[in-house]
Amino acid sequence: MKKLLGIVVFSLLLSGNSYSLNFNQKLSDYYKSNTGITSMIYILNRCSGILTYYSIMMFKENAEFGLTYNLMSSEMVNLASQLYSKHSNVSLNAATDINLKRMMQLDEYYRQDAKEMFLKNGAYLTGNVGADLDFCEILFKDLSKKQ
């Protein structure tokens with residue numbers, strides 16, 4: 001009986017730790033300590049993921065607003081693809097395919113993290129999810145000014 005109780009308690013402890021976030025570092029913190037082309041490609045890909053996730057959320061409430069974020073995500077993917085193409089010496093089409101797949105995977109990771117944040121505190125856009133969205137909005141504005 002004590003053994004069974006021990007197993008139940010141990011499994012409950014493990015199940016509490018089984019919910020971990022995909023992104024343990026905010027993009028703003030990553031950006032401060034990582035420079036270079038590959039870091040920028042990573043940042044742009046993560047931004048495309050969070051912006052895609054947010055655009056899908058917003059389409060339900062305001063299609064025009066959702067479309068704006070979808071276009072922002074698209075521009076981030078395009079820029080990441082251009083950088084990847086030059087850096088890896090592959091065609092722009094191949095780079096775009098690679099980055100679109102990454103964007104879809106990152107969108108899924110942000111979805112999972114947002115659900116976890118909602119379970120923890122009742123809001124989707126908190127923690128690293130909300131911080132990354134804010135960072136990517138600012139980065140998008142900065143990049144738009146440079147073009």
Side-chain angles (χ1 to χ4, degrees), residues 8-147:
V8 170
V9 169
F10 184 67
S11 65
L12 287 173
L13 289 172
L14 286 179
S15 69
N17 292 332
S18 68
Y19 295 105
S20 63
L21 299 176
N22 292 299
F23 302 110
N24 295 320
Q25 183 179 31
K26 292 186 286 188
L27 264 177
S28 58
D29 294 340
Y30 178 85
Y31 180 75
K32 290 175 188 172
S33 58
N34 294 280
T35 59
I37 297 295
T38 55
S39 294
M40 184 52 84
I41 293 168
Y42 172 76
I43 290 166
L44 291 168
N45 279 317
R46 272 197 47 192
C47 282
S48 70
I50 187 64
L51 292 169
T52 297
Y53 166 70
Y54 190 62
S55 74
I56 292 167
M57 283 182 62
M58 294 314 320
F59 269 119
K60 297 173 189 173
E61 296 177 26
N62 182 330
E64 188 174 326
F65 198 65
L67 183 59
T68 299
Y69 278 84
N70 187 273
L71 292 173
M72 289 168 63
S73 173
S74 177
E75 289 189 38
M76 294 287 202
V77 167
N78 288 337
L79 184 53
S81 298
Q82 290 168 8
L83 292 173
Y84 186 90
S85 174
K86 290 177 187 172
H87 179 72
S88 301
N89 198 24
V90 298
S91 72
L92 184 58
N93 285 339
T96 300
D97 288 344
I98 289 166
N99 284 298
L100 285 173
K101 287 177 186 171
R102 288 179 181 166
M103 180 268 303
M104 289 185 285
Q105 184 63 57
L106 291 163
D107 165 52
E108 181 58 33
Y109 290 157
Y110 275 111
R111 233 178 252 282
Q112 292 169 2
D113 285 4
K115 286 179 184 175
E116 181 67 23
M117 296 309 296
F118 182 79
L119 292 173
K120 287 182 178 181
N121 59 33
Y124 291 101
L125 298 174
T126 59
N128 289 351
V129 177
D132 285 359
L133 179 61
D134 292 342
F135 172 82
C136 292
E137 289 172 332
I138 292 167
L139 179 62
F140 179 81
K141 289 175 186 173
D142 289 346
L143 290 173
S144 296
K145 289 178 188 176
K146 293 178 182 179
Q147 292 180 359

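Since we're looking at a predicted model, the values are computed, not measured.
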Which atom of Ala80 lies closest to which atom of Asn45, heavy atoms considered: CB-OD1, 4.0 Å
Decide if atom OH of Tyr109 counts as having more than 12 heavy atoms of other residues, nucleotides or ligands within a radius under 6.0 Å. no
Flag side-chain contact, heavy atom, 4.5 Å: Ile43 against Asn34: no
is_close_aromatic(Tyr110, Phe23), centroid dist under 6.0 Å: yes
Do you know the tightest heavy-atom contact between Gln25 and Arg46? O-NH2, 3.1 Å
Which of Asp113, Asp134, Leu21 passes side chain to side chain contact (heavy atoms under 4.5 Å, CB included) with Val129? It is Asp113
Suppose we screen for ring pair (Phe, Tyr, Trp, His ring centres under 6.0 Å). Which residues come up paired with Tyr124, at least two apart in sequence or across chains? Phe118
For Thr38 and His87, which heavy atoms make the closest approach, and how far apart are they? CG2-NE2, 3.4 Å
Mind checking whether Met76 and Leu139 have side chains closer than 4.5 Å, heavy atoms only? yes
CG of Asp142: more than 12 outside heavy atoms within 6.0 angstrom? yes
Consider ring-ring contact (aromatic ring centres under 6.0 Å, His included). Of Tyr69, Phe59, Phe140, which one does Tyr54 pass it with? Tyr69
Is it true that a side-chain atom of Ser85 and a backbone atom of Ser81 form a donor plus acceptor pair closer than 3.5 Å? no
Counterpart residues, ring pair (Phe, Tyr, Trp, His ring centres under 6.0 Å), relative to Tyr84 (two or more places apart): none
Distance in Å, Met58 CE paired with Phe65 CZ, rounded so as to fall on 0.5 Å steps: 5.5 Å
Say you draw a straight line from CZ of Phe135 to CG of Asp29; how long is it, rounded to the nearest 0.5 Å? 9.5 Å
Result for side chain to side chain contact (heavy atoms under 4.5 Å, CB included) between Leu51 and one of Leu71, Asp132, Leu133, Ile56 points to Leu133
Leu79 side chain reached by Leu143 side chain, heavy atoms, under 4.5 Å: yes
Option among Asp107, Thr52, Thr68, Asn78 that satisfies the side-chain hydrogen bond (donor to acceptor under 3.5 Å, both in side chains) test with Ser73: Thr52
Taking the side chain as everything from C-beta on, heavy atoms only, tell me whether Glu116 gets closer than 4.5 Å to Asn22. no
Please check if the side chain of Asn70 supplies one atom and the backbone of Gly66 the other of a donor-acceptor pair under 3.5 Å. no
